[in-house]
Amino acid sequence: MRITLAMVSSVDGKTTHPTLHGWSSPEDQDHFRKLKTMYPIIIMGRKTYDTVKGELQLSLKTRRIVMTQNPDAHENAQVPGQLEFTNESPRMLVRHLTAEGVESALLVGGSDINQAFLKDKLITDCYITIEPRFFGNGKSIFTSDAIDIPLQLTDVTTLNTRGTLLLHYIIRYEHNAR
């Protein structure tokens, strides 16, 4: 199963800002809207869900799965086939989705969920948008666990005149990082 990670980051590697929400460029937001239409499943963590739940537009075309330690706490929000909550591990979730015939999913973070999928070598590729900003503080794409996984750049697109870059990488788990 193909799992594509999509994240936006500042130049200094931060995916969040302590006081800003919705800080990515309009061009990145357009890219992300288009990307979401290409995947039947969108996977996120509970904190990401809490941040975007007011903006979510449910659809029969897209199944959103929120990974949380306490899915029962979200029972009233659940809409089968559109918005679901699970406490399965990434490996078990992928196993169940694969058994259902799902071929691809979009992983939209945060850092804890991203780290869990990467640790299990489940992410196949990633789209990383680099916004020309420094934040200094904030969360990163992954938690602070040490990782060293090689990537293969497949595409670079300049999204605007300010210098927002869209990078597409294939993850090469099988290659030695040296």
Just checking [X]: does its [atom1] atom have more than 12 heavy atoms from other residues, nucleotides or ligands closer to it than 6.0 angstrom?
{"X": "E75", "atom1": "CD", "answer": "no"}
{"X": "Q69", "atom1": "CD", "answer": "no"}
{"X": "K36", "atom1": "NZ", "answer": "yes"}

### Message
Show, in sequence, the C-alpha distance, side-chain angles and deciding distance for M1 and L97, and conclude whether the side-chain contact (heavy atoms from CB on, under 4.5 Å) test is met.
### Response
CA-CA 9 Å; M1 180 172 160; L97 292 173; 3.8 Å; yes
Which value, rounded to the nearest 0.5 Å, describes the distance between [X] atom [atom1] and [Y] atom [atom2]?
{"X": "T158", "Y": "L166", "atom1": "OG1", "atom2": "CG", "answer": "9.5 Å"}
{"X": "K47", "Y": "T16", "atom1": "NZ", "atom2": "OG1", "answer": "10.5 Å"}
{"X": "T68", "Y": "I65", "atom1": "OG1", "atom2": "CD1", "answer": "13.5 Å"}
{"X": "T129", "Y": "D28", "atom1": "OG1", "atom2": "CG", "answer": "3.5 Å"}
{"X": "K53", "Y": "R46", "atom1": "NZ", "atom2": "CZ", "answer": "9.0 Å"}
{"X": "T124", "Y": "R172", "atom1": "OG1", "atom2": "CZ", "answer": "10.5 Å"}

How close do [X] and [Y] get, counting heavy atoms only, and between which atoms?
{"X": "S111", "Y": "K139", "result": "OG-CD, 4.1 Å"}
{"X": "L83", "Y": "A77", "result": "CD2-O, 3.4 Å"}
{"X": "A6", "Y": "L106", "result": "CB-CD1, 3.9 Å"}
{"X": "P132", "Y": "T164", "result": "CD-OG1, 3.4 Å"}
{"X": "D120", "Y": "P90", "result": "OD2-CB, 4.1 Å"}
{"X": "L35", "Y": "Y39", "result": "O-CD1, 3.2 Å"}

Would you kindly confirm whether [X] and [Y] end up in one hydrophobic cluster when ILVMFWY residues are joined by side chain heavy atoms under 4.5 Å apart?
{"X": "V11", "Y": "I128", "value": "yes"}
{"X": "I41", "Y": "L56", "value": "no"}
{"X": "I123", "Y": "I42", "value": "no"}
{"X": "V108", "Y": "L118", "value": "no"}
{"X": "I149", "Y": "L153", "value": "yes"}

message = In terms of relative ring orientation, are H168 and Y127 parallel, tilted or perpendicular, with 30° and 60° separating the classes?
response =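 Geometry flag for Y127 against H168: parallel rings.
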Which of parallel (below 30°), tilted (30 to 60°) and perpendicular (above 60°) describes W23 and F135?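 Judged by the thresholds at 30° and 60°, the geometry between W23 and F135 is perpendicular.
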Practice problem: Find out whether L107 and I113 are in side-chain contact, i.e. whether some heavy atom of one side chain is under 4.5 Å from a heavy atom of the other. | Solution: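 They are in contact (side-chain heavy atoms under 4.5 Å apart), so the answer is yes.
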Flag the pair [X] and [Y] as a salt bridge only when some basic side-chain nitrogen lies within less than 4.0 angstrom of an acidic carboxylate oxygen.
{"X": "R33", "Y": "D30", "answer": "yes"}
{"X": "R133", "Y": "D12", "answer": "no"}
{"X": "R63", "Y": "E100", "answer": "yes"}

Pair R2-T4, side-chain donor/acceptor within less than 3.5 Å: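 Short answer, yes.
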Looking just at side-chain N and O atoms, do D50 and T48 make a donor-acceptor pair shorter than 3.5 Å?
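No, T48 and D50 have no side-chain donor paired with an acceptor closer than 3.5 Å.
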Is there a donor-acceptor pair closer than 3.5 Å between any side-chain N or O of [X] and the backbone N or O of [Y]?
{"X": "T62", "Y": "S59", "answer": "no"}
{"X": "N160", "Y": "R162", "answer": "yes"}
{"X": "Y49", "Y": "R64", "answer": "no"}
{"X": "N87", "Y": "N70", "answer": "no"}
{"X": "T86", "Y": "M67", "answer": "no"}

**Request:** Go through L165 and L159 one step at a time and tell me if the side-chain contact (heavy atoms from CB on, under 4.5 Å) criterion holds.
**Result:** CA-CA 6 Å; L165 299 176; L159 296 182; over 6 Å; no
Open item on the list: Going by ring pair (Phe, Tyr, Trp, His ring centres under 6.0 Å), name the pairs with one or both residues in residues 138-161, residues two or more places apart or in two chains.
Closed with: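 Residue pairs with at least one partner in residues 138-161: there are none.
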Sequence neighbours excluded, which residues qualify as salt bridge (Lys or Arg N to Asp or Glu O under 4.0 Å) partners of E88?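 Partners of E88 under the salt bridge (Lys or Arg N to Asp or Glu O under 4.0 Å) test: none.
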side-chain contact (heavy atoms from CB on, under 4.5 Å) between V8 and T15: does it pass, once the steps are laid out? CA-CA 6 Å; V8 60; T15 61; 5.9 Å; no
Q) Knowing that exactly one of S10, S25, S9, S24 qualifies, which makes a side chain to side chain donor-acceptor pair (under 3.5 Å) with E131? A)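 Among S10, S25, S9, S24, the one that satisfies the side chain to side chain donor-acceptor pair (under 3.5 Å) with E131 is S25.
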Practice prompt. Verify side-chain contact (heavy atoms from CB on, under 4.5 Å) between F117 and V94, making sure each step is shown before the conclusion.
Written response: CA-CA 10 Å; F117 274 81; V94 168; 4.0 Å; yes
